[in-house]
Amino acid sequence: MIRTYKIDENYQTVRVFDEIKKGDISLVPFNEKRHSGIQAESNRRNKELRLVGVLKHKKDVKYRVSKTDYPGYSAVYCIK
């Protein structure tokens with residue numbers, strides 16, 4: 001399922017990751033600073049999953065972020 005978020009006073013990057021499920025794509029309007037924050041949260045969550053043992057290898061990821069797949073949006077993918 002593809003979900004598009006609006007940026008308003010209720011937007012939180014952490015909530016985007018909390019609501020995403022396996023196979024979903026979340027689209028957030030692109031802004032360079034916001035995109036950097038989304039990438040940082042993705043890296044943080046993948047790191048925590050490695051420490052817990054859910055992810056086995058360094059290149060094994062659950063969340064992936066792209067700014068080129070959907071022009072004008074930062075795309076967050078939940079792979080596993």
Side-chain angles (χ1 to χ4, degrees):
M1 178 173 89
I2 298 177
R3 177 180 289 167
T4 304
Y5 287 90
K6 292 181 183 177
I7 303 304
D8 57 3
E9 64 275 350
N10 296 326
Y11 170 79
Q12 293 178 349
T13 301
V14 177
R15 190 175 294 151
V16 173
F17 286 90
D18 290 341
E19 294 175 353
I20 195 168
K21 292 181 174 57
K22 179 181 177 181
D24 288 353
I25 302 171
S26 294
L27 300 177
V28 180
F30 183 77
N31 179 342
E32 192 65 42
K33 289 182 181 181
R34 188 179 310 119
H35 183 76
S36 297
I38 292 171
Q39 281 183 323
E41 183 65 23
S42 171
N43 292 336
R44 197 173 301 124
R45 295 218 179 199
N46 286 329
K47 179 182 174 184
E48 289 174 2
L49 290 171
R50 279 188 208 98
L51 292 173
V52 174
V54 175
L55 301 176
K56 303 298 180 190
H57 306 293
K58 184 172 181 161
K59 291 193 176 190
D60 193 16
V61 295
K62 180 175 181 177
Y63 300 104
R64 194 173 298 270
V65 179
S66 173
K67 65 179 177 182
T68 58
D69 291 347
Y70 293 89
Y73 291 97
S74 294
V76 180
Y77 298 94
C78 183
I79 298 170
K80 295 183 179 185

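We number each residue from 1, following the sequence as shown. As the structure is a prediction and not an experimental result, all values here were calculated from the model.
The two residues Arg34 and Val28 make their nearest non-hydrogen contact at CD-CG1, 3.5 Å. Taking each heavy atom of Leu27 and Tyr73 in turn, the nearest pair found is CB-CD2, 3.8 Å. Nearest heavy atom pair, residue Lys58 against residue Arg50, reads O-NH2, 2.8 Å. Asn46 and Leu55 get closest at one heavy-atom pair: O-CD1, 3.7 Å. The two residues Lys80 and Lys22 make their nearest non-hydrogen contact at C-CG, 3.7 Å. Nearest approach of Gly37 to Thr13, heavy atoms of both residues: O-CG2, 4.3 Å.
Formation of a donor-acceptor pair under 3.5 Å by the Ser42 side chain with backbone atoms of Tyr63 is found in this model. The backbone N or O of Asp24 lies less than 3.5 Å from no partner atom in the side chain of Arg3, so there is not a single donor-acceptor pair.
Taking the charged nitrogens against the carboxylate oxygens, Arg44 and Glu41 do have a contact shorter than 4.0 Å, which makes a salt bridge.
The aromatic rings of Tyr5 and Tyr11 sit perpendicular to each other, their planes meeting at more than 60°, with 30° as the lower class boundary.
Rounding to the nearest 0.5 Å places CE of Met1 at 7.5 Å from OG of Ser26. Here the CD1 atom belonging to Ile2 is positioned 8.0 Å from the OH atom belonging to Tyr77, to the nearest 0.5 angstrom.
Taking the side chain as every heavy atom from C-beta outward, Ile38 and Val16 never approach each other to under 4.5 Å.
Within a 6.0 Å sphere centred on CZ of Arg45, other residues, nucleotides and ligands contribute more than 12 heavy atoms.
There is a path of hydrophobic side-chain contacts, each under 4.5 Å, that joins Val76 to Leu49. No continuous path of ILVMFWY side-chain contacts below 4.5 Å connects Ile25 to Ile7, so the two sit in separate hydrophobic clusters.
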